[in-house]
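Heads up: the structure comes next, in structure tokens.
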Amino acid sequence: MNSAVVSGSAPAIRPLALACAFAFSLLAGAAAAQDLPDTVVITGARFPSDAALQPIGATVITQDDIRRAGVNDVNAAIRKIGGVFGRQSLDSSPDFALDLRGFGTNSAQNMVVLVDGVRLNENELANPTLATIPIDTVERIEITRGGGSVLYGEGATGGVIQIFTRGGARQGLHGSVFAEAGQFHQHDVRVALTQTSGDITADVAVARQGSENYRVNSDYDLRNFSVGLQTRITGGRVGIRVESAQQESRLPGALSLEQFQQDPTQASTEKDFGSLDTNRTTVFGEYRLGAVDLAAELSHRERSVRSNYLSSDYPSINAYDGRQDQFSPRARWLGNVGGMLNEVVAGIDLARWKRKTTSDYSLADASQTSRAVYLRDELRFDAAHDGRLALGARHETFDKDYSDVLAGATGEDRSQSQNAWEALASYKPLPALEVYGKAGQSYRVANIDENSYRSSIDVLKVQTSHDLEIGATVGDAARKLTARLFRHKLDNEIFYDPTLNGGWGANTNLDPTRRQGVEIDAETALMGDFRASAHLQHVNAEFTGGPNAGRELVLVPKNVATVRLAWQPGTGQSADVGVQWADRQRYGSDFSNTCEARMPSYVTFDARYAVKLGPWEIAATGLNLADKQYYSYAYGCKSGIYPSDGRQLKLSARYDF
């Protein structure tokens with residue numbers, strides 16, 4: 001396994017020094033600048049968008065959408081409102097494995113997740129921990145499907161999910177208190193406060209969530225805390241946010257198909273448990289100097305994982321302690337060229353990641369440093385028909401280092417680099433019709449865990465994807481339909497192949513593969529204060545070369561459909577109903593497509609009814625209302641099954657002030 005910092009190759013200018021210089025430049029020129037806009041609806045090329053240059057095809061989930069659907073965490077909002085497919089988590093947490101465009105068990109490594117511009121992705125086989133983000137601090141979530149490596153770096157082939165916390169509030173003290181209780185001893189208590197005095201805004205959010213969950217030995221408990229402070233200066237703003245979360249989980253383990261059919265609530269590992277502690281600190285700044293916008297984030301994240309596997313004949317206790325630093329300064333010039341609106345964005349991304357493993361089988365030290373530079377230019381060439389053309393490129397270098405004295409690996413130092421590019425064009429031949437097309441190359445590098453248990457002598461090759469997409473949007477704010485056709489042709493896809501190593505499996509670079517399909521997003525206002533939305537994804541994921549050519553890739557449902565119906569009559573009442581259908585999938589070990597069965601398709605229903613009584617809101621919520629017994633993750637042929645939750649009913653009360 002190879003990871004990050006090559007000895008003696010650290011950048012000459014450290015991120016902290018760059019941050020100090022950047023902050024000084026913000027303050028030094030503040031008197032000469034213009035004010036930033038007070039409201040931002042959507043984010044474009046890593047900056048608040050000009051209305052004429054907003055990103056094409058993005059799905060936006062607002063704070064109102066989150067409250068109306070009654071979801072308690074960011075992950076659930078992305079799945080239930082955004083229509084993104086998710087697999088049951090393995091640690092009893094609500095952090096399901098999200099999957100954009102059918103990347104199966106490696107979906108988290110083919111999707112970039114950011115919070116206020118800072119990457120949450122880990123350089124290991126772990127999902128971003130979205131449950132640690134207090135839901136009451138979220139202002140909006142933006143989901144952009146398809147290759148995004150130019151702006152967001154490695155791992156963005158499937159798409160990018162951005163979470164934005166609140167950037168400001170009206171003057172005075174405001175907040176909310178929320179309490180919820182439900183079946184399986186589920187409980188959720190949250191307090192959020194925001195104080196704005198003049199140009200200074202401070203906010204704090206505290207939450208405690210927990211449940212005994214559906215299965216035996218699947219208890220879950222989460223405590224999180226967030227505090228933010230920011231101030232507007234002439235031409236911009238600066239601020240800091242500190243977040244901390246402590247999560248404890250029992251680990252129920254996997255079941256065989258026979259065990260699942262007998263009793264899906266049982267556990268196979270009744271003694272296993274673990275914990276996850278995360279701490280994040282982010283300093284940020286934005287500043288406008290004439291036609292140039294400057295922005296940067298400097299972040300530090302610490303992550304501590306403990307796992308205790310005591311149910312097997314060979315019990316083990318494991319500890320993973322990691323930290324990551326990121327610095328992302330960038331600049332945008334927004335002006336006119338020959339009477340045409342032009343946006344040029346340039347920036348660098350610097351990241352340093354380290355992890356120490358302490359277990360019965362490993363004492364590994366791993367690290368990775370990445371350095372990237374990118375440039376993107378977008379031109380609005382026909383204002384009457386909103387014609388747009390964008391070109392972008394990125395170069396990124398990764399230095400990896402790994403050693404494990406217990407396993408006999410004395411040290412591996414490797415350096416890898418890769419380029420990304422993109423080209424996008426859009427046009428409105430009619431006022432209510434926009435057509436677009438984009439092409440590009442995205443990439444990802446093998447993480448520490450993949451390189452530590454690999455099939456090759458050298459580190460795994462960089463995975464590349466040639467991305468192509470065409471789409472159209474018709475309608476307006478009241479009724480809108482978007483359809484996208486996409487194709488990702490991948491070389492050296494990084495994946496775990498269970499057929500290698502004498503049947504023990506190993507991480508490897510696959511023969512050529514392809515993801516192609518169609519996505520449809522629709523929303524419309526209906527009569528009687530109803531509004532409906534729908535998301536449909538159809539994807540074919542298959543090998544296109546080698547001995548597996550023509551075979552389907554595993555753990556990818558061909559079709560996923562999500563439909564929601566919201567009712568808001570303006571009388572203080574509201575209701576929200578959702579349905580999600582996931583098609584059949586191949587079991588996780590079925591590379592040869594010879595397993596005589598497939599994971600069954602399933603349909604789930606959820607609903608919420610709420611009534612407002614002055615500052616109070618009382619709500620009843622139901623999940624999996626039909627009490628469907630199903631599973632979305634299984635790593636063996638009719639085995640390795642992690643059952644999904646049964647029906648759950650909840651009552652909640654919220655007080656806003």
Side-chain angles (χ1 to χ4, degrees), residues 13 15-56 114 116-118 139 142 150-152 162 164 167-168 198-201 229-240 282-299 326-350 372-384 386-394 422 424 426:
I13 302 177
L16 185 58
L18 284 171
C20 293
F22 181 80
F24 180 80
S25 69
L26 291 183
L27 298 173
Q34 306 171 30
D35 288 335
L36 289 177
D38 290 331
T39 58
V40 176
V41 175
I42 195 169
T43 298
R46 297 183 68 167
F47 279 92
S49 274
D50 184 282
L53 297 174
Q54 291 186 359
I56 297 170
L114 304 102
D116 293 330
V118 176
E139 182 177 274
E142 298 175 10
V150 167
L151 289 175
Y152 301 103
Q162 300 193 70
F164 296 92
D199 292 330
I200 300 176
T201 298
L229 178 66
Q230 60 180 294
T231 181
R232 299 185 74 87
I233 60 175
T234 304
R237 63 173 183 146
V238 292
I240 184 172
T282 303
V283 179
F284 58 87
E286 300 172 0
Y287 177 61
R288 177 172 292 172
L289 181 61
V292 177
D293 292 303
L294 302 173
E297 296 90 25
L298 174 66
S299 71
Q326 177 184 323
F327 181 51
S328 301
R330 56 198 180 277
R332 174 180 66 175
W333 177 76
L334 190 64
N336 285 284
V337 175
M340 297 178 290
L341 182 65
N342 189 216
E343 179 188 62
V344 180
V345 174
I348 62 175
D349 288 324
L350 304 174
V373 58
Y374 60 90
L375 176 68
R376 186 179 188 271
D377 188 7
E378 182 164 347
L379 183 70
R380 190 184 189 201
F381 61 85
D382 186 343
D386 198 16
R388 296 159 62 181
L389 177 65
L391 300 171
R394 180 188 187 97
E422 68 175 15
L424 181 148
S426 68

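Note: Arg330 CZ to Glu286 CD = 7.5 Å, rounded to the nearest 0.5 Å. For the atom pair CD (Gln230) and CG (Asp199), the distance works out to 10.5 Å, reported to the nearest 0.5 Å. In this structure, Asn342 CG and Asn336 CG are separated by 8.5 Å, a value rounded to the nearest 0.5 Å. From Arg380, atom CZ reaches atom CE of Met340 across 12.0 Å, with rounding to the nearest 0.5 Å. Taken to the nearest 0.5 Å, the CG atom of Leu375 stands 10.0 Å off from the CG atom of Leu151.
Here the shortest heavy-atom pairing between Val118 and Ser299 reads CG1-OG, 3.2 Å. Between Val292 and Ala331 the shortest heavy-atom distance is CG1-CB, 4.5 Å. Nearest heavy-atom pair across Pro329 and Ala296 is CA-CB, 3.7 Å.
For Asp382, the side-chain hydrogen bond (donor to acceptor under 3.5 Å, both in side chains) test picks out Tyr427, with sequence neighbours left out. Considering only residues two or more places apart in sequence or on other chains, Val345 meets the side-chain contact (heavy atoms from CB on, under 4.5 Å) condition with Ala45, Phe47, Arg332, Glu343, Tyr374. Every residue two or more places apart in sequence or in another chain that forms a side-chain contact (heavy atoms from CB on, under 4.5 Å) with Leu391 is listed here: Ala423. By the side-chain contact (heavy atoms from CB on, under 4.5 Å) test, Val283 is found to be paired with Ile240, residues two or more places apart in sequence or in another chain being considered. Scored by the side-chain contact (heavy atoms from CB on, under 4.5 Å) test, Gln162 finds Leu114, Glu142, Tyr152, Val160, Phe164 as partners (sequence neighbours excluded). For the side-chain hydrogen bond (donor to acceptor under 3.5 Å, both in side chains) test, residues two or more places apart in sequence or in another chain that qualify with Asp349 are Arg46, Ser328, Arg394.
No side-chain donor-acceptor contact under 3.5 Å links Asp377 to the backbone of Ala390.
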